[in-house]
Number of protein chains: 2
Amino acid sequence: MTAASIKEVARHAGVSLGTVSNVLNRPNAVAPATRQRVLDAIAELGYVRNDSARQLRAGQSRTIAIVVLDVANPFFTDVVCGAEQVVEEADAMLVVCNSGENDARERRHLELLEEQRVRGVLITPVGHGQQPRLDRLHERGIPVVLVDRGSGRAGRCSVAVDDLLGGRLAMEHLLDQGHRRIAYLGGPFSIPQVADRHAGAAAALAERDADAQLRIAKTTNLTVAAGRRAAAELLTLPAAQRPTAVFCANDLIALGVLQELTKHGRRVPDDVAIVGYDDIEFAGAAAIPLSSVRQPREQLGRTAAQLLLEEADAGATHRHRHVVFQPELVIRASSDRPRR
Amino acid sequence: MTAASIKEVARHAGVSLGTVSNVLNRPNAVAPATRQRVLDAIAELGYVRNDSARQLRAGQSRTIAIVVLDVANPFFTDVVCGAEQVVEEADAMLVVCNSGENDARERRHLELLEEQRVRGVLITPVGHGQQPRLDRLHERGIPVVLVDRGSGRAGRCSVAVDDLLGGRLAMEHLLDQGHRRIAYLGGPFSIPQVADRHAGAAAALAERDADAQLRIAKTTNLTVAAGRRAAAELLTLPAAQRPTAVFCANDLIALGVLQELTKHGRRVPDDVAIVGYDDIEFAGAAAIPLSSVRQPREQLGRTAAQLLLEEADAGATHRHRHVVFQPELVIRASSDRPRR
DNA sequence: AGAACGCCCTAAAACGTTTCATCCACCGCG
DNA sequence: CGCGGTGGATGAAACGTTTTAGGGCGTTCT
């Protein structure tokens, strides 16, 4: 019933407690006969190592955490899968925490992770990612790698995609298609991805056509439901002001927009063109296949995990690195029709 | 740099170590003035409790794990979100582990979780769910709740959806639409959901129309890619044998099938009708909105977590429960056209 | 023959908590 | 004036590992 300890195993095998530990941790430092006796005792008692004790002694855990903005967003699950591959090879364990774009929950998770002295944390922070809390972790010797977010300052590693470029690509494409009244849907703007994608789009628009308009429709978060709400709002505008194209901060919003527009009989892309962001697996399978700015999702996760492990192993000799990937526009039916 | 311990806090505040512990755990058992001094010391030193030590002493962890078949499957992320709500209220932490439908990885996760003496485990097992490993956990006093899987025997709690009924609903609908050559796509059959959904469909077919055929096309797993492959295979059949409808073990497969069929110019539902399973958020947003057997996804997670917490708190007095939800067929365009 | 070495094992300390048995001082009461 | 009670603090034990210093003992080298 109650878990057997190393001590009982030792008694059972007629050896000292230290010997059992040796069998577990450096098997070939102990004579084969003894080793076997110990292994038998372990099997018989169903002994399982107590990780708390091990960690307490070692001061280090073997788990790595990834804190994502939204587990239900396929973009993040793909990142998780990528990270998983790398972490697994390192014989560590990846645990996934969901902040749900909620500051308090993120803080709570980080507190718990700090108490657990995890080996490292991959995180896409809710805010700008310069919270003192993250610095704290770092001071404590817990490496932190920012995911999908270039860290302005050099305090830590990061992997990111150039969101300014992504926004620019999307906007240039829409301008190429002849659109002049365009909306950007996304929020909250406190999330840098949301702000950067908009900034890139705005810059492209300013360069290319100062007369074109870019309206902003803020959403409370980055979900399908939020997209539906934002689209419903756009539909209330007088026709002359209504945008002919929307660029969405991510694909979930774009899918919501698509649903709401078709529900109200608008044709995509003829009445309204849509471009999303992330290129999640479901974007290409949508009712009207969605144009989207593709990010290397798994790659992002793999690289982040590699940087983290590197830092965890190197210790003080570590030099922080910032990896930036280039996004790529994938044009599909939702925006691919010349207008006018 | 190195983490401050309770001992240093005590020295700093000029009290004994036990008093600091009291401030942390029963604040009002210590005089206000002393308490404040301790809290100040904690703040000044940036003290963070060491959870390993706490757990070692307490013998109990505050984390609950959920082991899912595939984190990238929106069905499971919705279950996770449901569980999260409940776990959070109980002031515990939910960690997500991904078995990826892989037996070895599942085993590895369970080993690690056992070593960590987690408070409980929610799991959708890769196999039939009667692995000795799960029993071991239970003997160790770690409650296990089966998710999306009725446990034949009574050894543990479970929450499930009646997959036989789900299969039946899907099949009856397709028969109603006039289909007589139908394929079931899914796999591996070692996953009970896959087998049960098929069994339900087969039973309905046998009852309703003994002449109709149900072909099985096994897939290696339950992903979009597997669905594409299976569909490609179906397309190689001579036209006279080719099914006019497919029932897929889950929505991911169904989406893959849909993609592959339309890529080859087949019309859905006219040439081939499709019914999926789970009714994930993206099913209704697909190119051809997908008919699907809806499961109460978040509800499943919430209930499972509730049962788990109940069992963890009740200890030996606990009576295992088996909650079964009824699925519901949602008919959309992918199957909604009378044939012949 | 004695020193030196290698192999296998043991004993004990340490990791940072929580908890429990005391202890102390003070107060009110008989 | 002595007695039990009480609120508040203390000290030590215990949780289950890992690690380190060393001990016995047989073998090899000089």
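Numbered from 1 within each chain, the chains take letters A, B, ... in sequence-line order.
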Q) Glu8(A) has an atom CD; how far is it from atom C1' of dT17(D), in whole Å? A) 14 Å

**Q.** Nearest to side-chain heavy atoms of Asn22(B), which nucleotide of dT19(C), dT17(C), dT10(C)
**A.** dT19(C)

(Q) With a cut-off of less than 4.0 Å, is there a side-chain N or O of Thr19(A) near OP1 or OP2 of dT10(C)? (A) yes

Q. Reckon Ala31(A) touches a base, only the sugar-phosphate, or nothing at all at heavy-atom distances under 4.0 Å?
A. sugar-phosphate

Q. Whole-Å distance between dC15(C) C1' and Asp51(B) CG?
A. 14 Å

Q: For Lys7(A) and dA12(C), give me the distance from atom NZ to atom C1', rounded to whole Å.
A: 12 Å

Q) What heavy-atom pair brings Leu94(B) and Ala65(B) nearest, and what distance separates the two atoms? A) CD1-C, 4.4 Å

Q) Should Ser16(A) be listed as having a side-chain N or O under 4.0 Å from OP1 or OP2 of dC9(C)? A) no

Q.
If you compare every side-chain N and O of Asn25(A) against the phosphate oxygens of dT18(D) (OP1, OP2), does one of them come in below 4.0 Å?
A. yes

Q) Val30(A) has a side chain; which of dC9(C), dT10(D), dT18(C) sits nearest to it? A) dC9(C)

Q. Whole Å only: how far is the CZ atom of Arg35(B) from the C1' atom of dG8(D)?
A. 12 Å

Q: Name the nucleic acid region contacted by Ser5(A), choosing base, sugar-phosphate or nothing; use a 4.0 angstrom heavy-atom cut-off, strictly under.
A: sugar-phosphate

Q) Nearest of dC9(C), dT17(C), dC15(C) to any side-chain atom of Arg57(A)? A) dC15(C)

Q | For atom CD of Gln116(A) and atom C1' of dC15(C), their distance in whole Å | A | 17 Å

Q. Should Glu311(A) and His138(A) be marked as a side chain to side chain contact (heavy atoms under 4.5 Å, CB included) after you check the CA-CA gap, both sets of side-chain angles, and the distance that decides it?
A. CA-CA 11 Å; Glu311(A) 177 165 356; His138(A) 198 262; 3.3 Å; yes

Q: Consider only side-chain N and O atoms of Glu115(A) and Asn50(B), and report whether a donor and an acceptor are under 3.5 Å apart.
A: no

Q) If every non-hydrogen atom of Arg149(B) is compared with every non-hydrogen atom of Gly127(B), which pair is closest and at what distance? A) NH2-O, 2.8 Å

**Q.** Closest nucleotide among dG8(D), dG16(C), dT10(D) to the Thr34(B) side chain
**A.** dG8(D)

Q | Integer-rounded Å distance: dT17(D) P and Arg117(A) CZ | A | 21 Å

Q: Measure from CG on Leu24(B) to P on dT17(C) and round the result to the nearest Å.
A: 8 Å

Q: Measure from the side chain of Leu17(A), starting at C-beta and using heavy atoms only, and say which of dA9(D), dT17(C), dT17(D) lies closest.
A: dT17(D)

Q: Ignoring the backbone of Val15(A), work out which of dT18(C), dT19(D), dT10(C) is nearest its side chain.
A: dT10(C)

Q) Whole Å only: how far is the CD atom of Gln60(B) from the P atom of dT18(C)? A) 14 Å

Q.
I'd like to know if Arg119(B) pairs up with Asp313(B) as an ion pair, taking the criterion as any Lys NZ or Arg NE/NH1/NH2 lying under 4.0 Å from an Asp or Glu carboxylate oxygen.
A. yes

